[in-house]
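Down below is the structure, laid out as structure tokens.
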Amino acid sequence: MGITRKRYHIDALNKSNFGVTHYDACSKPHSDAEKTAGRLGFETECLYGSRLTKLGKPLWKKVLLHAYNLSWQAYVLLQSRKLERIKNADIFVQYGFSTEAMFRVVKNLNRDGNRIIMLMHDLGILQVGAKKNHEEEQLLQNVDTVIVHSQPMADKLRGLGFKGKTVILEFFDYLNDYEADCASTDMTGNIDVVFAGNLGKSTFLSKLNELTPHEGLRFFLYGKDTGNLITNDNIQYKGFFSNDDIAGIEGTWGLVWDGDSLDGCTGRMGEYLRYNAPFKLSLYLAKGLPVIVWSESAMAKYVEEYKLGITVRSLNDIYDAVRSLSAEQLNDIKEGVAEYSRKVKHGKQLEQALQKALTD
């Protein structure tokens, strides 16, 4: 009988960088992945300190936060000494926030028969206009397997010189107890399109009033109102919701879009959708909503293959695309969404990806 390899999840995420709340989309993907890894036997080793919560006035906040980040990195490196005992183990790490400490931790772990599996949340060098990042490239050279969002992301990593194994996640999980009743969803009535996320970053939202109006087509916006939104009867701001309480989200479709244009996803953030799996797609599926995605995005393949909604080139195409769906197509979408709603709420996407990564 062979020796069973130990499994560790190394948590080196500096939570002070964004503030962990029940209303942000930064902490939940990380914590959900940790829970799924735990079910598969990965023991978490935490290397971060407590979050700084009150920093005073804006100028002092910047100074104190900078000082805290420096002390945090020193703390992580000190804590990482306890990892020296780890040998011949499978090590799961998550990457999404650039820190020198994390690069050094991963490099130090790449020894003594350890196998490092990295879940990619975000990678700066994939974004349009991003500068060459030697730290991220060095990080990749110390990883055996990368769990990426899509095949285009895997191809891009190969182009950057990554020689290890890639596993396709497809999209993230969204652990939740909400019971979606997809079978009874009325997809023939109003087309109420939900958009949840960073409303200030998604600059196309300020142009929604320029869309050709259609009776029964409305947009429901969830997130922090930065004051740049133009609202009316067809564009309604709905406020916040907790990551753990999604039952109150109103709407019949979920929109995955970014950039500054209504006619395609453009700009730095829009072009990133060619590789990225936005977490909002998983939220919509958990809620039981069919999705609307850009036809040139990485997620378009999965939306079409698994019958999770529709793909469009322009937001002006939404009304006709939805109204042209046959009864059979609508039923297929309901069934597809119901199936993947169950999967993402129970962590099946990452579970499957980790099992592939652990297979030699």
Side-chain angles (χ1 to χ4, degrees), residues 11 13-39 44 46 48 50-55 94 96-97 119 121-122 171-182 184-185 192-202 205 218-229 231 235-258 276-292 299 308-309 337-338 340-351:
D11 188 351
L13 181 64
N14 183 0
K15 293 179 172 62
S16 70
N17 279 340
F18 48 82
V20 180
T21 74
H22 293 289
Y23 298 91
D24 66 66
C26 295
S27 58
K28 183 168 175 57
H30 179 272
S31 61
D32 281 0
E34 181 178 337
K35 291 174 184 176
T36 298
R39 290 204 316 271
T44 295
C46 293
Y48 58 81
S50 60
R51 183 170 64 91
L52 208 60
T53 55
K54 295 182 179 179
L55 297 173
Q94 302 186 58
F97 299 90
L119 171 61
H121 287 280
D122 280 301
F171 39 83
F172 285 90
D173 295 308
Y174 196 103
L175 304 188
N176 201 272
D177 294 330
Y178 176 74
E179 292 296 333
D181 186 8
C182 301
S184 63
T185 302
D192 291 334
V193 180
V194 177
F195 183 86
N198 188 331
L199 304 184
K201 176 179 70 69
S202 304
L205 294 173
R218 300 183 296 182
F219 291 84
F220 294 164
L221 311 181
Y222 289 89
K224 182 179 180 180
D225 183 0
T226 59
N228 295 323
L229 298 177
T231 59
I235 306 171
Q236 301 180 23
Y237 175 62
K238 294 291 186 176
F240 293 89
F241 61 88
S242 168
N243 285 329
D244 299 320
D245 185 11
I246 62 176
I249 297 175
E250 301 176 54
T252 54
W253 292 80
L255 176 64
V256 180
W257 204 264
D258 216 332
N276 188 38
F279 194 55
K280 58 174 58 69
L281 182 142
S282 306
L283 160 68
Y284 302 145
L285 292 178
K287 173 62 180 174
L289 299 178
V291 298
I292 302 167
M299 296 298 100
L308 303 177
V337 171
Y340 277 87
S341 181
R342 289 190 294 270
K343 286 185 175 182
V344 299
K345 286 186 294 187
H346 291 90
K348 296 302 180 182
Q349 293 297 115
L350 180 58
E351 180 180 310

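Below, all heavy atoms of this structure are taken into account, side chains as well, without hydrogens, waters or symmetry copies.
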From [X] [atom1] over to [Y] [atom2], what is the distance, rounded to the nearest 0.5 angstrom?
X    : Y    : atom1 : atom2 : answer
W257 : K280 : CH2   : NZ    : 13.0 Å
D258 : L205 : CG    : CG    : 8.5 Å
L255 : L281 : CG    : CG    : 10.5 Å
C182 : K287 : SG    : NZ    : 10.0 Å
K348 : L175 : NZ    : CG    : 11.0 Å

Problem set entry | Verdict with reasoning, F241 to L283, per side chain to side chain contact (heavy atoms under 4.5 Å, CB included) | CA-CA 12 Å; F241 61 88; L283 160 68; 3.5 Å; yes

Taking [X] for the side chain and [Y] for the main chain, is one N or O donor matched with an acceptor at less than 3.5 Å?
X    : Y    : answer
T36  : E351 : no
K345 : Y178 : yes
D192 : T252 : no

Do you know which two heavy atoms are closest between [X] and [Y], and how far apart they sit?
X    : Y    : result
L199 : Y237 : CD1-CE1, 3.7 Å
D244 : N176 : O-ND2, 3.6 Å
H346 : R342 : ND1-O, 2.8 Å
G288 : S341 : N-OG, 4.2 Å
R39  : G347 : NH2-O, 4.0 Å
A33  : L119 : CB-CD2, 3.8 Å

Exercise. Ring centres of Y174 and Y284 under 6.0 Å apart?
Worked result: no

For this session: Examine F172 together with H121 and report whether their ring centres are nearer than 6.0 Å.
Result: yes

Seminar exercise, completed: Result for side chain to side chain donor-acceptor pair (under 3.5 Å) between D32 and one of H30, K28, K35 points to K28

Exercise. Does NZ or CZ of K343 lie under 6.0 Å from the centre of the six-membered ring of Y340, at an angle within 45° of the ring axis?
Worked result: yes

Exercise. Heavy-atom distance under 4.5 Å between the side chains of E34 and D11, does that happen here?
Worked result: yes

Exercise. Is there a side-chain contact between F171 and V256 (heavy atoms, below 4.5 Å)?
Worked result: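 Of all side-chain heavy-atom pairs linking V256 with F171, none is under 4.5 Å.
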
Exercise. For K201, does the NZ atom have more than 12 heavy-atom neighbours from other residues, nucleotides or ligands under 6.0 Å away?
Worked result: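 Correct, the count exceeds 12.
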
